[in-house]
Protein chains: 2
Amino acid sequence: MNIGEASAASGVSAKMIRHYEAIGLIEAMRRPNGYRSYGPQDVAVLRFIRHARDLAFPLEDIRRLLALWRDRSRASADVKQMALDHVAALESKAASLQAVADSLRHLAQHCQGDDRPDCPILAELEGVRE
Amino acid sequence: MNIGEASAASGVSAKMIRHYEAIGLIEAMRRPNGYRSYGPQDVAVLRFIRHARDLAFPLEDIRRLLALWRDRSRASADVKQMALDHVAALESKAASLQAVADSLRHLAQHCQGDDRPDCPILAELEGVRE
DNA sequence: ATGGGTCTTCCCAATATGGGAAGGTCAAGG
DNA sequence: CCTTGACCTTCCCATATTGGGAAGACCCAT
């Protein structure tokens with residue numbers, strides 16, 4: 001399989017496959033002509049990576065997840081710990097985004113939103129309340 | 001005021017002040033010796049930018065907010081619209097992060113988390129359920 | 001005049017992804 | 001046999017934001 005086929009089979013763009021190789025996340029056999037060559041096992045790895053990315057795991061986490069995945073004797077506790085840490089990070093980020101959204105929405109509620117120039121949002125940004 | 005003082009007064013790092021200038025968000029007078037020079041008005045602008053960044057406005061939005069801020073005859077509706085658009089973007093991002101966190105947490109709940117290698121998280125990433 | 005702090009510009013780093021150029025390779029068809 | 005088009009290669013650049021650090025110029029006080 002060339003990189004195009006592997007990309008189609010895995011859902012990972014060829015660009016990204018090369019990138020993952022460049023950062024040492026994966027490797028690839030080379031044909032005599034220099035083309036990368038992939039087998040079903042490689043596609044499985046790529047799909048694994050894509051699923052992990054879908055779950056917003058950063059690449060460095062994926063590196064560790066791949067190691068655990070390949071390690072037949074890994075303890076599931078290790079994986080669970082990483083997953084829960086990641087969940088906590090995601091929820092913390094979500095919560096702070098939501099908090100910012102809430103305060104901005106609150107600010108906007110007090111803005112007339114008409115043709116007049118008075119605007120509490122700009123006043124806040126200006127630092128009137130500081 | 002030199003850049004260091006302006007930075008201390010505004011809470012924006014000198015690095016960032018130079019960056020904002022490089023991307024055309026702000027300008028600065030130069031002294032004969034090449035040093036940037038800032039007045040109280042410039043500090044107000046920098047504080048405005050910092051507050052907007054605190055509300056997670058992207059710099060391109062801040063560029064527009066600054067224009068509105070400087071325009072004494074702006075309509076508050078314009079600002080309100082930008083703010084509400086931004087709120088929507090933030091909430092959408094927060095929601096999708098939370099959704100990912102939820103599904104990963106769900107996955108982790110079914111993981112024993114012991115010394116055994118069986119792990120539904122890895123199984124999911126592997127694509128067993130596809 | 002010398003030293004310490006501040007300023008200048010320029011390069012590099014991180015996140016993950018993609019665009020595009022310039023050139024090599026291969027298979028099909030005139 | 002040669003062209004054409006699809007695919008591959010590497011390399012550079014871009015996104016958005018912030019920071020680290022180097023090399024050199026400058027300013028003020030001792």
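Residue numbers start from 1 in every chain, and the chains themselves are labelled A, B, ... in the order their sequence lines are given, proteins ahead of strands.
- One atom, CD1 of B:I23, and another, C1' of D:dT15, lie 13 Å apart when rounded to the nearest Å.
- Contact annotation: B:S13 reaches the phosphate of D:dG19 (side-chain N/O to OP1 or OP2, under 4.0 Å).
- Taking atom CG on B:L59 and atom P on D:dT17, their separation rounds to 4 Å, with Å as the unit.
- Taking atom NZ of residue A:K15 and atom P of nucleotide C:dA16, one finds them 17 Å apart after rounding to whole Å.
- Residue B:R36 places none of its side-chain N or O atoms closer than 4.0 Å to OP1 or OP2 of C:dC7.
- Protein atom CD1 of A:I62 is 12 Å distant from nucleotide atom P of C:dT15, rounded to whole Å.
- Between B:E5 atom CD and D:dC28 atom P there is a gap of 13 Å when expressed in whole angstrom units.
- Ion pairing between a basic and an acidic side chain is recognised when a charged N comes within 4.0 Å of a carboxylate O; B:E21 and B:R18 show no such pairing.
- Salt-bridge annotation for B:D114 and B:R116: present, with a side-chain N of the basic residue lying under 4.0 Å from a carboxylate O of the acidic one.
- C:dC7 atom P lies 12 Å from atom CZ of B:R30, rounded to whole Å.
- Take the nearest nucleotide of DNA chain D for B:P58 and for B:Y35: the residue whose nucleotide is more 5' is B:P58.
- Look at CD1 on B:I17: it is 14 Å from C1' on D:dG19, rounded to the nearest Å.
- In this model, the phosphate group of D:dT17 is not approached by any side-chain N or O of B:R18 to a distance below 4.0 Å at OP1 or OP2.
- Between B:R53 and D:dT18, a side-chain N or O to OP1/OP2 separation shorter than 4.0 Å is present.
- A:M16 places its CE atom 6 Å from the P atom of C:dT17, with the value rounded to the nearest Å.
- Checked for salt-bridge contact, B:R105 and B:D102 miss the test: no charged N lies under 4.0 Å from a carboxylate O.
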